[in-house]
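One structure is given below, encoded as structure tokens.
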Amino acid sequence: MNALMLAVVLAANSTPVSLEEARARSRENVQALTAALQASSAEQDVRSARSSLLPQVRFSGGTSLTYIGPQRSYNVVPVEGGGFQQLEIDTPEVAYPGFNLGVSVSQLLYDRAVWARLEQSGAQLEALRGEATEQQDTSELEGINRFYSLFRTQATIQVLEANVRRSEQQLERARALFQAGRVGKAEELSAQVNLGNDRIAVVSRQSQLATDQARLSTWLAMPGAEAVEAVDPGVLTEVPAPAPSLEQALRDARTRRPLLVALRQRLRVAELQESIANAGYLPRFSLDAAYQRSGPDPAVFFGQPARQNLVRGGLNISWDIFNGFTTQAQARRAEYQSRVAELNLQQSERELEGAVRQSHVALQAQIVSAELAEANRKAAADALVLAEERFNAGVSSTLEVRDAQLKLTQAELTLLENRINVEIARFTLMRAMGTLAPGEAQ
């Protein structure tokens, strides 16, 4: 199987994937969906915390049958003339039914810990939502990297194939000049060896193409055996847009980065834990009411609703006056955890600023490198034209043309690498700034 046939096999029935599609599907891969489900689970925690503040209504009812076997009991009674006598009393067996019906209602009036837990569950939900968005951004950036890795390999193969075509043309010229007696046989053989080496370079890239296809397809939750093709995003023909100002990048990162949103909510969770612990110093108030109806006689229980009724209601207060310093220990522990959360937030803010600056500098450097690489490519293309003209005029050798050809190929590959690196650096900066989202302007 020659190089052309191998390329046809790898490209057959490949599924095109655009950059926009790769970004959108990456935000819905397994890691991102798992984080989203955890946030959805936290919504139920909020509902559970809120339930304690709502009236608690309970209904109960039932019937029973009680059997008491023959019994003997003793009663002590006074006798005439003084003293006491013990009398035996025998009772026969008896069986009687029982009926009961009850409804109870309780309403919490005040418990600082319950309100604080509700606030805490809301903060926990917001933290998990921020973490889910952070994971979506992480998944999207990974999808972008894998997309551009595949596109880089595809474009590299195209550059190498263009070099093969140039080598084929050079072989044809060398053969024609040899047949015309203007150059020796060595020139033709040298051109033929160069063509073979260039074809080998194309074939060696095919295995990398298959690897990059598998990495992208599996990340996008597509079958791993499915061949995919990165659709040209058009960046190679565009002039790189300038980087945003560092001040703007830092400002966006402080306000929009999901990680900081999540960490701020984590700090809020820790602060509310302090409030929950300190609630142990305060009293708790509640109301309760109950209605109960019971009796052993079904005729009375069912036929005389004015009888067998019991209604109860009350205001309850509970206050832990002293619990062995448990409340104090819990409050102190919550205070320490709050301080830990605050320190983590401050450190993350510093690290984020450093990451933004690093990404910003990297993007600027890549833009400059791409500009230099474009200038080198133009110079190398001009040098190849000159070398071919000299060879056609018979004043140079295949070696000179080959050197110019290799320099042009290397310049094209360098330009390709730097231009793709510009886009990856741009998306990396957007990720650090918290502006990475489907449809976000670059």
Side-chain angles (χ1 to χ4, degrees), residues 24-60 102-140 142-143 219-221 255-280 282-290 316 318 320 326-327 330-331 333-342 344-345 348 434 436-438:
R25 297 189 65 160
S26 293
R27 296 183 76 87
E28 297 178 356
N29 72 346
V30 174
Q31 289 83 346
L33 290 179
T34 299
L37 288 174
Q38 291 175 345
S40 298
S41 177
E43 293 179 3
Q44 307 311 310
D45 295 336
V46 175
R47 296 184 63 184
S48 298
R50 186 182 295 114
S51 66
S52 301
L53 298 174
L54 301 176
Q56 309 295 306
V57 182
R58 175 173 297 178
F59 170 82
S60 63
V103 177
S104 63
V105 180
S106 62
Q107 174 62 59
L108 180 68
L109 295 180
Y110 177 78
D111 187 342
R112 178 64 188 124
V114 174
W115 285 100
R117 288 192 186 96
L118 178 57
E119 293 182 64
Q120 187 183 52
S121 63
Q124 180 77 8
L125 172 59
E126 293 304 318
L128 288 173
R129 284 175 174 171
E131 291 172 358
T133 304
E134 181 77 8
Q135 179 57 55
Q136 287 179 333
D137 286 355
T138 301
S139 297
E140 181 179 348
E142 178 63 22
W219 187 256
L220 301 184
T255 57
R256 303 182 62 175
R257 180 67 184 268
L259 176 62
L260 292 186
V261 174
L263 289 175
R264 291 184 185 116
Q265 291 300 324
R266 291 293 182 190
L267 175 58
R268 178 62 176 159
V269 169
E271 291 173 343
L272 287 169
Q273 187 62 39
E274 290 187 63
S275 182
I276 293 173
N278 288 323
L282 303 175
R284 297 173 289 278
F285 299 91
S286 64
L287 285 175
D288 69 85
N316 303 314
S318 62
D320 298 331
T326 299
T327 300
Q330 292 175 343
R333 182 176 183 274
E335 181 181 349
Y336 294 150
Q337 293 300 318
S338 178
R339 179 56 179 161
V340 169
E342 182 180 4
N344 288 336
L345 174 60
S348 296
L436 188 62

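We count residues from 1, following the sequence as given. The figures that follow rest on heavy atoms only: side chains count, while hydrogens, waters and symmetry mates do not.
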Can you see which heavy atom on [X] is nearest to which on [Y], and at what distance?
{"X": "A279", "Y": "A113", "answer": "CB-N, 3.4 Å"}
{"X": "A334", "Y": "A277", "answer": "CB-CB, 4.4 Å"}
{"X": "S139", "Y": "W219", "answer": "O-NE1, 3.0 Å"}
{"X": "A341", "Y": "A270", "answer": "CB-CB, 4.0 Å"}
{"X": "S26", "Y": "L220", "answer": "OG-CD2, 3.4 Å"}

Can you measure from [atom1] ([X]) to [atom2] ([Y]) and round to the nearest 0.5 angstrom?
{"X": "T133", "Y": "L436", "atom1": "OG1", "atom2": "CG", "result": "11.5 Å"}
{"X": "S41", "Y": "Q44", "atom1": "OG", "atom2": "CD", "result": "7.0 Å"}
{"X": "Q337", "Y": "L267", "atom1": "CD", "atom2": "CG", "result": "12.0 Å"}
{"X": "L128", "Y": "Q124", "atom1": "CG", "atom2": "CD", "result": "5.0 Å"}
{"X": "S286", "Y": "Y110", "atom1": "OG", "atom2": "OH", "result": "14.0 Å"}
{"X": "R47", "Y": "S121", "atom1": "CZ", "atom2": "OG", "result": "12.5 Å"}

Side-chain contact, heavy-atom cut-off 4.5 Å: [X] with [Y]?
{"X": "D320", "Y": "T327", "result": "no"}
{"X": "S106", "Y": "L287", "result": "no"}
{"X": "D288", "Y": "V105", "result": "no"}

message: E274: which residues meet the side chain to side chain donor-acceptor pair (under 3.5 Å) condition with it, sequence neighbours left out?
response: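 S338.
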- request: Would you mind listing every salt bridge (Lys or Arg N to Asp or Glu O under 4.0 Å) that reaches into residues 124-137, with sequence neighbours excluded?
  value: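 For residues 124-137, and leaving out neighbouring residues, the salt bridge (Lys or Arg N to Asp or Glu O under 4.0 Å) pairs sorted by first residue read R27-D137, E43-R129, E126-R129, E131-R266, E134-R257, E134-R431.
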Salt bridge (Lys or Arg N to Asp or Glu O under 4.0 Å) partners of residues 106-121, not counting sequence neighbours, each pair once: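 Sorted pair list: R112-E119, E119-R268.
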Side-chain donor-acceptor contacts of residues 50-60 below 3.5 Å, not counting sequence neighbours, with atom names and distances?
{"unit_1": "S51", "atom_1": "OG", "unit_2": "S48", "atom_2": "O", "d": "2.5"}
{"unit_1": "Q56", "atom_1": "NE2", "unit_2": "S51", "atom_2": "O", "d": "2.8"}
{"unit_1": "Q56", "atom_1": "NE2", "unit_2": "L54", "atom_2": "O", "d": "2.7"}

task: Could you pull out all residues at least two apart from Q120 that satisfy side chain to side chain contact (heavy atoms under 4.5 Å, CB included)?
output: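 Here the qualifying residues are V269, L272, Q273, I276.
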Partner set under side chain to side chain contact (heavy atoms under 4.5 Å, CB included) for S40, not counting sequence neighbours: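 Partners of S40 under the side chain to side chain contact (heavy atoms under 4.5 Å, CB included) test: none.
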